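Worksheet: one structure, shown below.
Whatever order the structure lists ligands and atoms in, that order sets their numbers, starting from 1. Owing to the predicted nature of the structure, the values given are computational and were not obtained by experimental measurement. The first residue in the sequence is number 1, and the count goes up from there.
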Amino acid sequence: MSGYEINFDGLVGLTHHYAGLSFGNEASTRHQNSVSNPQLAARQGLLKMKTLADLGHPQAVLPPQERPHLPMLRRLGFSGSDETVLAQAMRQAPQLLSALSSASAMWTANAATVSPSADSADGRVHFTAANLNNKFHRAIEAPTTSAILRAIFRDERYFSHHEALPQVALFGDEGAANHNRLGGDYDRRSVQVFVYGQQQFGGEPGPQRYPARQTREASEAIARLHQLEAQHTVFVQQNPQVIDRGVFHNDVIAVSNQQVLFHHQLAFLHQEQALDSIRRSMALLEQDLVAIDVPDDRVSVDDAVATYLFNSQILTRPDGKMTIVVPEESRQHRGVWNYLSEMAASGGPIDDIRVFDLRESMRNGGGPACLRLRVALNETERQAVNPQVMMNDSLFATLNQWVDRYYRDRLTQADLADPQLLREGREALDALTAILGLGSVYPFQQ
Ligand SMILES: N=C(N)NCCC[C@H](NC(=O)CCC(=O)O)C(=O)O
C-alpha cells in the first residue's frame, strides 16, 4: 500500500451540550436538555485517537471552535460588554444562545470535502469547507474551519483551499459525510462518489419528513472546484426514504475504504444502478468494487440509526487487512453484533473489530466516522502537514491535562450565559493554539 490516510478527529469543545438543534437527527432531538459532560466527551474522543494512532493508523487532531459565538450574537443585535451580550441573549433568546454555543464542530466529517492530489488536475490536495447551510448552529462553522485547515495545510504548492459554497439551500453542503472515495492505494487516482440528498433543479423526489442536507448542485460545484475528472466522479442520490427515517447524512448508512463500500441494502436510490456506476468508473482504473451490502432483514434501517453500525471507520492495517471501528452501541445490540462478528469471521477484507465508548457524542448523533475527517496524502504532502497536530504519546498526555484543567464535567443550557464559561473557553483555546502551533485562528484572537 502506498500513500497515507490521516484521520483528523475533532476535539470536543468546552460547551458541548444537548440542545436538540438538528431536526432530522433523531438522537439530537431525543437528548435535548440532557445534562452533558464536556470533559468526558473530550476524553472519549482523545482515547479513540490515541488507540488508533497506537495501532499504526496516522492520526491527527482538529481543535474546537470559539463558543458561545459572540460575534454572531452581536451581529444579531445584542450589544454592550460580553457579559451583557450573554445576559441579554439568555433572557431574550435562550435557544439562540444555545445554538451559538454548540460544540458541533467536533463532527469533522462535516468540516470539509477533501480531494487528494492524485484525483485533481492540478496535482494539489483540495479542501472546501462545508457551509452546513441546513442548520444555523452549524452554518457558522465554515470561516474558522477554513482558518484552521489553512494553518495545518499551509504550503500552497501542495494544498488548495476553497471558500465554502454560497450560504443558500441550493448549495447545501455537508462535507465529507456525503462523500466517499473508492480505489486502491491512497495516493493513486481513485473514484470520488458524491452522495446527495436532493437535486434542487429537477431530479428525483427528495425526502418528505426530514431535510435533505446535501444538494447535487453543491456536490457538482465541489467536483468542479477540485478539478476532478468526470469519468472518475460519480454522483448518486441517497435513498429519500431512509433520510425520512433518520439517516440525515450518508455516513449514517454507508462507509468506504479503498475498494470496500460497506453499506445498507437501502442506502442509495436505485441502488443497483448506483453501484453499477461506481463499478464502471472503478473499472477504468482497473479496480474492483467490493460491495458489502447489508440486507434489511439482518440489520434494519432503524437498528442502523440506533447503533451507528455504518458510522464506522474502516482502516487498512499494514498487513493489508482492514479493521472496523464501531461505537459501543453496535456491540450492545445483539443482531448488529452478530452481523459484525460473522462479517469479521467470513474471510472478507474486514477481519478485526474495535469498539469505542463515544456516548457523549453519540447522544447528539455523532459516531466514530462523524468525528473524523479523512485526508489522503502522498509522502511529500504528509511531510508538509503541520507536525504539531499529529497524535502521539506526548500530545495525548498534553491534551488530557489541558482538558482536565479547563473543561467542566457537567453542563446544561442554564450555564451558557456564565461569563466565566466564556473566559475559560478563550483561555483554553489560546493555550490550545499554542500547543498545536496554529497561530491566531479564532475571532477573539484577531
Ligand atoms: N454524520 C455526521 N457526519 N455527523 C454527525 C453530526 C451530528 C450533528 N449533531 C448536532 O449538531 C446536534 C447538536 C445538538 O442538538 O445539540 C448534526 O446533526 O449535524
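Judged by distance alone, with hydrogens and angles left aside, the side-chain atoms of His31 form a donor-acceptor pair with the main-chain N or O of Ala27 at under 3.5 Å. The backbone N or O of Arg67 lies less than 3.5 Å from no partner atom in the side chain of His69, so there is not a single donor-acceptor pair.
Protein heavy atom at the shortest distance from atom 10 (C) of ligand 1 is Ser22 OG, 3.3 Å. Of all protein heavy atoms, the one closest to atom 3 (N) of ligand 1 is Asp251 OD2, 2.7 Å.
In Ala109, the part holding a heavy atom less than 4.0 Å from any atom of ligand 1 is the side chain. Only the side chain of Asn25 comes within 4.0 Å of ligand 1, judged by heavy-atom distances. Residue contacts with ligand 1 for Leu132 are absent, since no atom lies close enough (heavy atoms, distance under 4.0 Å). Residue Asn364 touches ligand 1 through backbone and side chain together, judged by heavy-atom distances below 4.0 Å. Using a 4.0 Å cut-off between heavy atoms, Arg138 contacts ligand 1 through its side chain alone, with no backbone atom that close. Heavy atoms of Arg213 found under 4.0 angstrom from ligand 1 belong exclusively to the side chain.
With Arg213 as reference, Glu174 is the one residue of Glu174, Gln198, Gln238 to meet the side-chain hydrogen bond (donor to acceptor under 3.5 Å, both in side chains) rule. Across Gln59, Gln313, Arg372, a single residue satisfies side-chain hydrogen bond (donor to acceptor under 3.5 Å, both in side chains) together with Asp9, and that is Gln59.
Short contacts between ligand 1 and Gly365, defined as distances under 4.0 Å to a heavy atom of the residue, involve ligand atoms 5 (C), 7 (C). Heavy-atom contacts of Gly20 reach the following atoms of ligand 1: 14 (C), 15 (O), 16 (O) (cutoff under 4.0 Å). Taking a cut-off of under 4.0 Å to the non-hydrogen atoms of Ser28, the atoms of ligand 1 that pass are 12 (C), 14 (C), 15 (O). Below 4.0 Å from some heavy atom of Ala177 lie the following atoms of ligand 1, by number and element: 3 (N).
Put simply, part of His137 is less than 4.0 Å from ligand 1, judged by heavy atoms. Proximity of Glu174 to ligand 1 is not established, as no heavy-atom distance is less than 4.0 Å.
Taking any N or O of Ala19, backbone or side chain, at least one lies under 3.5 Å from an N or O belonging to ligand 1.
Counting only N and O atoms by type, the side chains of Tyr186 and Asn257 include a donor and acceptor under 3.5 Å apart. In the model, Thr113 has no side-chain atom that pairs as donor or acceptor with a side-chain atom of His226 under 3.5 Å. Side-chain contact check for Asp119 and Gln192: at least one donor-acceptor pair (N or O, by modelled atom type) lies under 3.5 Å.
In Glu83, the CD atom is crowded: over 12 heavy atoms of neighbouring residues, nucleotides or ligands sit closer than 6.0 Å. Around atom CD of Gln332, more than 12 heavy atoms belonging to other residues, nucleotides or ligands sit under 6.0 Å away.
If you take CG on Leu11 and OG1 on Thr108, they are separated by 10.5 Å, rounding to the nearest 0.5 Å.
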